[in-house]
Amino acid sequence: MSSRVTYVLVHGAFTDASCWWPIALRLLGSGCRVLAPPVSMRSLADDGGYIRRIARGVEGPVILVGHDYGAAVVAVAGSASNVAGTVFVNGYVPDSGESIAELRDLFPAAEAIPHLVASPLSDGQECTELSVDIDRFPLLVAEGVSDDEAQVMAVSQRPIAVSALTERAAAVAWRGLPTWGVVSAADRVIHPELQRFGCRRALARRILELDAPHLVMHTHPAPIVDLLLDAATEIESRA
């Protein structure tokens with residue numbers, strides 16, 4: 001089996017896999033192997049299972065990198081046997097038996113919470129989706145992104161099902177894996193104290209704290225890529 005690491009980048013709520021392009025571009029430019037699959041944001045277990053299957057299909061070790069809700073997906077998916085490490089970026093890091101909503105409610109409400117829009121859907125299965133008010137999206141979610149790009153992201157945002165936030169994680173793998181974390185101190189979507197708690201609880205080997213907004217991948221890609229490359233070097237040295 002190859003010892004060369006593959007990064008699997010998992011997006012979070014209100015965005016899609018393209019939110020990783022500043023990171024993916026730099027990793028690819030460094031000769032790294034990268035995958036950035038989409039997740040449905042309908043079920044934490046289903047999304048975790050999907051990312052786990054993708055990881056298992058990769059030859060060699062995998063580093064799972066999750067942003068926002070994607071961090072919780074990574075926590076669940078990390079049980080794939082070839083996952084060698086996890087990186088949580090501005091993310092929710094639930095424990096076994098804990099939901100994202102329960103974890104979120106332990107901390108002060110983020111600024112974006114009053115601006116979430118609930119949309120009940122009925123397509124044979126009842127579902128309520130949450131999105132961010134389009135007019136508030138550029139400031140709350142896409143601060144630091146160019147105005148044109150932020151407006152496009154606002155009208156093309158991917159909602160998340162309430163059920164994905166209230167579903168308890170059946171099992172998590174971060175206790176047995178080397179973990180790294182990124183905290184954005186100016187995040188308006190996920191309270192920074194929640195982010196710090198998750199990284200500390202996961203015994204992150206390094207926590208990179210930045211004076212950055214929610215889409216830190218866009219505003220501060222270079223230090224994040226450095227962190228990811230350092231994680232891969234450590235993992236590959238032990239392979």
Side-chain angles (χ1 to χ4, degrees), residues 1-12 16-17 19-20 23-24 26-28 30-100 103 164 167-182 195 197-208 217 224-239:
M1 179 180 288
S2 169
S3 64
R4 187 180 172 204
V5 161
T6 297
Y7 298 96
V8 177
L9 311 177
V10 185
H11 69 88
D16 58 26
C19 74
W20 285 109
I23 304 297
R26 287 164 174 79
L27 290 174
L28 291 169
S30 297
C32 300
R33 302 194 298 195
V34 179
L35 294 172
V39 289
S40 71
M41 296 188 289
R42 288 287 191 274
S43 162
L44 179 59
D46 289 351
D47 287 337
Y50 177 64
I51 296 301
R52 189 182 306 114
R53 290 191 295 274
I54 287 176
R56 286 173 176 162
V58 172
E59 180 184 0
V62 167
I63 296 178
L64 295 179
V65 187
H67 176 250
D68 185 279
Y69 166 77
V73 174
V74 162
V76 173
S79 58
S81 61
N82 61 327
V83 172
T86 56
V87 182
F88 301 121
V89 181
N90 299 18
Y92 299 105
V93 186
D95 203 348
S96 298
E98 184 177 58
S99 73
I100 291 171
L103 178 59
E167 179 182 338
R168 288 184 170 86
V172 295
W174 47 259
R175 290 190 185 281
L177 290 170
T179 293
W180 293 261
V182 177
Q195 299 174 34
F197 171 79
C199 292
R200 289 195 298 262
R201 181 161 71 170
L203 301 178
R205 293 171 181 243
R206 179 185 169 197
I207 301 174
L208 173 64
M217 310 92 78
I224 295 176
V225 168
D226 288 344
L227 178 73
L228 296 178
L229 293 175
D230 288 347
T233 297
E234 181 174 341
I235 286 169
E236 289 171 346
S237 70
R238 294 187 284 107

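Note that the coordinates shown come from a computational prediction; the quantities given were computed from them, not determined experimentally.
The structure places CD1 of I63 at 9.5 Å from CG of L27, a figure rounded to the nearest 0.5 Å. With values rounded to the nearest 0.5 angstrom, I23 atom CD1 is found 11.5 Å from L28 atom CG. Remark: R26 CZ to L228 CG distance equals 12.0 Å, nearest 0.5 Å.
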Side chains of residues 44-53: which donor-acceptor pairs under 3.5 Å do they make with residues two or more places apart or in other chains?
residue: D47; atom: OD1; partner: S40; partner atom: N; Å: 3.0
residue: D47; atom: OD1; partner: S40; partner atom: OG; Å: 2.8
residue: D47; atom: OD2; partner: M41; partner atom: N; Å: 2.9
residue: D47; atom: OD2; partner: Y69; partner atom: OH; Å: 2.7
residue: R52; atom: NE; partner: S79; partner atom: OG; Å: 2.9
residue: R52; atom: NH2; partner: V76; partner atom: O; Å: 3.1
residue: R53; atom: NH1; partner: G49; partner atom: O; Å: 3.4

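Without hydrogens or angle criteria, W174 side chain to P94 main chain gives a donor-acceptor distance under 3.5 Å. Without hydrogens or angle criteria, R33 side chain to R4 main chain gives a donor-acceptor distance under 3.5 Å.
Of all heavy-atom pairs between G91 and A71, the closest is CA-CB, 3.6 Å. A72 and I100 get closest at one heavy-atom pair: CB-CD1, 3.7 Å. Between N82 and A55, the shortest heavy-atom distance links the atoms ND2-O, 2.8 Å.
With sequence neighbours excluded, the residues that form a side chain to side chain contact (heavy atoms under 4.5 Å, CB included) with C19 are H11, T15, M217, H218. Checked against side chain to side chain contact (heavy atoms under 4.5 Å, CB included), R175 has the following partners two or more places apart in sequence or in another chain: D95. Remark: D226 pairs with no residue by the side chain to side chain contact (heavy atoms under 4.5 Å, CB included) rule, at least two apart or across chains. For the salt bridge (Lys or Arg N to Asp or Glu O under 4.0 Å) test, residues two or more places apart in sequence or in another chain that qualify with R206 are D230. Evaluation of the side chain to side chain contact (heavy atoms under 4.5 Å, CB included) rule for I207 yields V183, C199, R200, A204 as partners, not counting sequence neighbours. With sequence neighbours left out, the salt bridge (Lys or Arg N to Asp or Glu O under 4.0 Å) criterion links E167 to no other residue. R168 meets the salt bridge (Lys or Arg N to Asp or Glu O under 4.0 Å) test with E102; sequence neighbours excluded.
The closest side-chain heavy-atom distance from D16 to P38 is not below 4.5 Å. Residues Y7 and V58 form no side-chain contact, since every pair of their non-hydrogen atoms from C-beta on lies 4.5 Å or further apart. In this structure, N90 and D68 have side chains that are not in contact, with every pair of non-hydrogen atoms separated by 4.5 Å or more. Residues R201 and L103 form a side-chain contact, since some pair of their non-hydrogen atoms from C-beta on lies under 4.5 Å apart.
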(message) Please determine whether side chain to side chain contact (heavy atoms under 4.5 Å, CB included) holds for the pair T179 and L203, giving the CA-CA distance in whole Å, both sets of side-chain angles, and the decisive distance to 0.1 Å.
(response) CA-CA 7 Å; T179 293; L203 301 178; over 6 Å; no

(request) Determine, step by step, whether V65 and W20 satisfy the side chain to side chain contact (heavy atoms under 4.5 Å, CB included) criterion, reporting the C-alpha distance in whole Å, the side-chain angles of both residues, the deciding distance to 0.1 Å, and the verdict. (result) CA-CA 10 Å; V65 187; W20 285 109; 3.6 Å; yes

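Looking at T86, V172, I235 one by one, the single match for side-chain contact (heavy atoms from CB on, under 4.5 Å) with L177 turns out to be T86.
Within the structure, ring-ring contact (aromatic ring centres under 6.0 Å, His included) contacts touching residues 72-94 (residues at least two apart or in different chains) do not occur.
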